Amino acid sequence: MSIELIIRDHIIEAIAQCYNQQIDSSLVQLQNTRKEFDGDITLVVFPFVRMSKKSPEQTAAEIGDYLQQNVSEVEKYNVVKGFLNLTISPAYWVSVLNEASADVNFGYTSPTQSSKLAMVEYSSPNTNKPLHLGHIRNNLLGFSLCEILKANGNKVVKTNIVNDRGIHICKSMYAWKLWGNGQTPESTGIKGDHLVGDFYVKFDQEYKKEIANLIEQGQTKDEAEQNAPAMLGARELLLKWEARDPKTVELWKMMNQWVYTGFDVTYRELGVNFDKIYYESETYLYGKEEVLRGLAEGIFYQKEDSSVWADLTAEGLDQKLLLRNDGTSVYMTQDIGTAKERFQDYPIDKMIYVVGNEQNYHFQVLAILLDKLGFEFGKGLHHFSYGMVELPQGKMKSREGTVVDADDLIAEMVEVARKTSEELGKLEGYTPEQAAQTYKMIALGALKYFILKVDPKKNMLFNPQESIDFNGNTGPFIQYTYARIQSVLRKAADRGFEINRTIDGKVTPSSKELQLIKLVSQFPGAVKEAGEMYSPALIANYIYELVKEFNQFYHEFPMLTEENAEVRNLRIVLAETVGKTVRNGMKLLGIDVPERM
RNA sequence: GUCUCGGUAGCUCAGCUGGAUAGAGCAACGGCCUUCUAAGCCGUAGGUCUUGGGUUCGAAUCCCAACCGGGAUACCA
């Protein structure tokens with residue numbers, strides 16, 4: 001039980017005792033005491049002056065008196081205007097440190113029999129081009145969200161639906177057939193997803209030329225777009241694929257396999273993974289029967305051209321197409337099918353879709369349609385909606401070549417990390433392999449932290465030249481602090497200091513030490529809040545605060561050269577506990593921490 | 001047009017279930033390497049929290065309106 005909860009209950013008691021009023025706990029506004037005032041926890045007393053019918057100062061003093069007399073953790077108090085600043089006893093903070101220090105999984109809640117099962121869909125790439133910066137944000141958020149949910153005691157199934165069929169992949173296939181000369185990743189040395197992406201680009205270039213030619217010959221733009229040989233060829237491939245033409249399916253399989261091999265490399269670099277992968281080629285026909293059932297039950301309606309629609313005007317939305325007039329499915333139809341499928345495959349308590357905010361409308365509609373179809377889980381779907389990554393010149397457009405490729409970006413960052421490390425003379429004594437591993441850890445730490453520290457729902461700006469730094473509020477700064485803590489612990493061992501991990505309650509930490517313990521004690525609360533808010537950014541901001549505080553402490557207070565053995569022990573245990581908290585927190589962001597850097 | 005999300009320091013972002021003098025980092029300027037790692041620490045400078053109303057003891061935070069920007073809006077996924 002956290003100190004805030006203990007205090008809150010006693011404040012409710014105090015109000016009952018002093019003013020004979022039963023109050024709701026939401027009236028008790030507790031906050032961390034600001035640095036410039038004395039105390040640990042502050043109660044805002046304004047809400048109670050109406051009950052006491054006294055001045056804020058007097059009211060605060062009365063509540064303060066009550067708490068000081070009746071709550072052992074409250075040592076003293078002071079009043080500034082309408083704020084009651086409570087000082088918690090050092091003995092309590094020492095006990096908190098002891099608990100945190102003893103718990104390997106500090107901050108985490110273990111799953112139990114009754115744990116909820118959350119399925120999280122994230123990543124969901126198309127197989128016609130490599131992953132880019134937008135996918136990176138998706139993957140990092142999705143993976144981190146899963147880690148946070150797990151740390152909150154949930155069971156999690158990470159899922160990925162691969163968009164492996166459709167006109168986009170047929171375009172790459174068409175281009176490869178015509179202009180590929182039998183190239184393969186092996187023959188060219190090009191990573192499979194990039195090779196397929198190159199043919200996608202090639203297709204678009206040739207297609208544009210053909211359109212220009214046709215327009216010159218007198219066709220309108222629309223006609224030209226429809227009649228260009230490249231487009232006709234891609235369409236033909238799509239039809240052949242749907243008819244299961246063996247040659248086409250074989251080509252499709254081969255090129256998709258190249259892409260998967262390439263994606264696997266990128267996923268491994270990013271440190272993300274999945275428990276269950278759905279392929280759209282296997283699920284794209286799902287959902288049609290549900291739509292037809294809805295039509296039969298009068299939930300949906302049919303137009304003269306025999307296309308099927310949902311009327312959502314009662315919900316304040318528009319009409320939504322569910323089946324084309326040729327009976328084929330659209331995106332929405334498929335999502336209805338896959339949702340049903342997943343709830344049949346797993347006992348899902350919470351379904352979460354990590355998908356960009358451009359699809360807010362889609363998921364709003366999906367929830368309503370599932371609900372209309374009688375699936376009770378419909379209303380409970382959660383769209384984890386995140387903002388776009390923008391570049392200085394605006395939105396990324398793959399066709400205009402203004403994308404930041406995921407592999408290129410990672411490679412570039414590893415290179416910068418290597419250079420920086422060498423310039424600073426770090427990692428001497430490491431083997432080249434160990435050093436390379438650490439550069440990678442630092443580079444990815446920088447990238448991941450940069451992206452995850454921003455509120456997911458907001459659009460963010462990414463400037464490739466300036467954005468990713470290694471100083472200040474960054475992943476490497478946190479990793480650096482962790483590495484220094486490990487260094488302290490190594491040296492403490494070298495010098496033969498016996499570390500007593502259970503701090504005696506009689507030891508009195510200094511105010512700076514107390515401040516650090518306080519911050520550590522807030523970690524479990526931060527994990528819980530991050531889980532409730534679905535916000536990795538909350539964890540990132542928490543760790544930064546902790547690390548910043550530790551750095552100041554580290555600079556001012558010697559740990560190894562401190563003469564007093566009890567104080568030295570306290571500081572080392574505190575450092576160790578901060579290190580563990582940082583490591584546990586970074587794990588929730590999917591960021592590794594190095595033992596040295 | 002409608003719906004939706006955003007607008008905080010030169011730049012990138014915190015803070016938003018209303019609370020004390022609005023915080024970090026980057027960039028700029030000035031200090032600190034003989035202690036446990038300077039990817040660090042300390043300091044200086046930088047703000048009409050887009051604007052205007054409202055609610056109240058109190059508003060960056062809640063409500064309304066306007067302006068600016070992103071996104072969605074019936075057959076791409």
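Worth saying up front: this structure is predicted, and the values here are computed from it rather than measured. All chains are named by letter (A, B, ...) in the order of the sequence lines, taking the proteins before the strands, and each is independently numbered beginning at 1.
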Fill in: Counterpart residues, salt bridge (charged side-chain N to carboxylate O under 4.0 Å, His left out), relative to R583(A) (two or more places apart)
none

Fill in: OP1 or OP2 of rC42(B) under 4.0 Å from side-chain N/O of Q552(A)
yes

Worksheet, complete the sentence: Rounding to 0.5 Å, atoms CD1 (I591(A)) and CG (L444(A)) come to a distance of 9.0 Å

Practice prompt. Take atom NE2 of H383(A) and atom P of rA72(B), then tell me their distance rounded to the nearest Å.
Written response: 13 Å

Fill in: Separation of atom NZ in K35(A) from atom P in rA22(B), rounded to whole Å
16 Å

Worksheet item: Under the criteria of a ring-centre distance below 5.5 Å and an interplanar angle below 30°, is F46(A) stacked with the base of rG58(B)?
Response: no

Practice prompt. Using distance alone, with no hydrogens and no angle criterion, decide if D40(A) and T87(A) have a side-chain donor and acceptor under 3.5 Å apart.
Written response: no

Worksheet item: In whole angstrom, what separates E121(A)'s CD from rA77(B)'s P?
Response: 15 Å

Discussion item. By the definition side-chain contact (heavy atoms from CB on, under 4.5 Å), identify the one residue from T474(A), I539(A), N473(A) that meets it with Y544(A).
Written reply: N473(A)

Worksheet item: Is the NZ or CZ atom of R571(A) both under 6.0 Å from the centre of the six-membered ring of F557(A) and within 45° of that ring's axis?
Response: no

Practice prompt. Identify, with sequence neighbours excluded, every residue that meets salt bridge (charged side-chain N to carboxylate O under 4.0 Å, His left out) alongside E315(A).
Written response: K372(A)

Item to complete: Take the protein atom CD1 of I167(A) and the nucleotide atom P of rC75(B), then report the distance between them rounded to whole Å.
Response: 16 Å

Practice prompt. If a protein heavy atom is under 4.0 Å from the base, mark B; if only from the sugar-phosphate, S; if neither, -; do that for nucleotides 25-39 of chain B going 5' to 3'.
Written response: SS---------BBSB

Worksheet item: In whole angstroms, how far is the P atom of rC13(B) from the OH atom of Y449(A)?
Response: 14 Å

Item to complete: For nucleotides 2-10 of chain B, just jot down a letter per nucleotide in 5' to 3' order: B, S or -, based on protein non-hydrogen atoms under 4.0 Å.
Response: ----SS---

Worksheet entry | Paired stretches of RNA chain B - 3 or more consecutive Watson-Crick or G-U pairs, each distance under 3.5 Å | B:1-7 with B:67-73, B:10-13 with B:23-26, B:28-32 with B:40-44, B:50-54 with B:62-66

Fill in: Minimum-distance nucleotide (side-chain atoms of L461(A) versus rG71(B), rU12(B), rC75(B))
rU12(B)

Item to complete: Round to the nearest Å and state the distance from Y284(A) atom OH to rC76(B) atom P.
Response: 16 Å

Worksheet item: E390(A) CD to rU12(B) P: how many Å, rounded?
Response: 11 Å

Worksheet item: Would you call rC33(B) syn or anti, using the 90° rule around 0?
Response: syn

Practice prompt. In whole angstrom, give the distance that lies between atom CZ of R137(A) and atom P of rU12(B).
Written response: 14 Å

Worksheet item: Considering residues at least two apart in sequence or located in another chain, which fulfil the salt bridge (charged side-chain N to carboxylate O under 4.0 Å, His left out) criterion with E242(A)?
Response: R165(A)

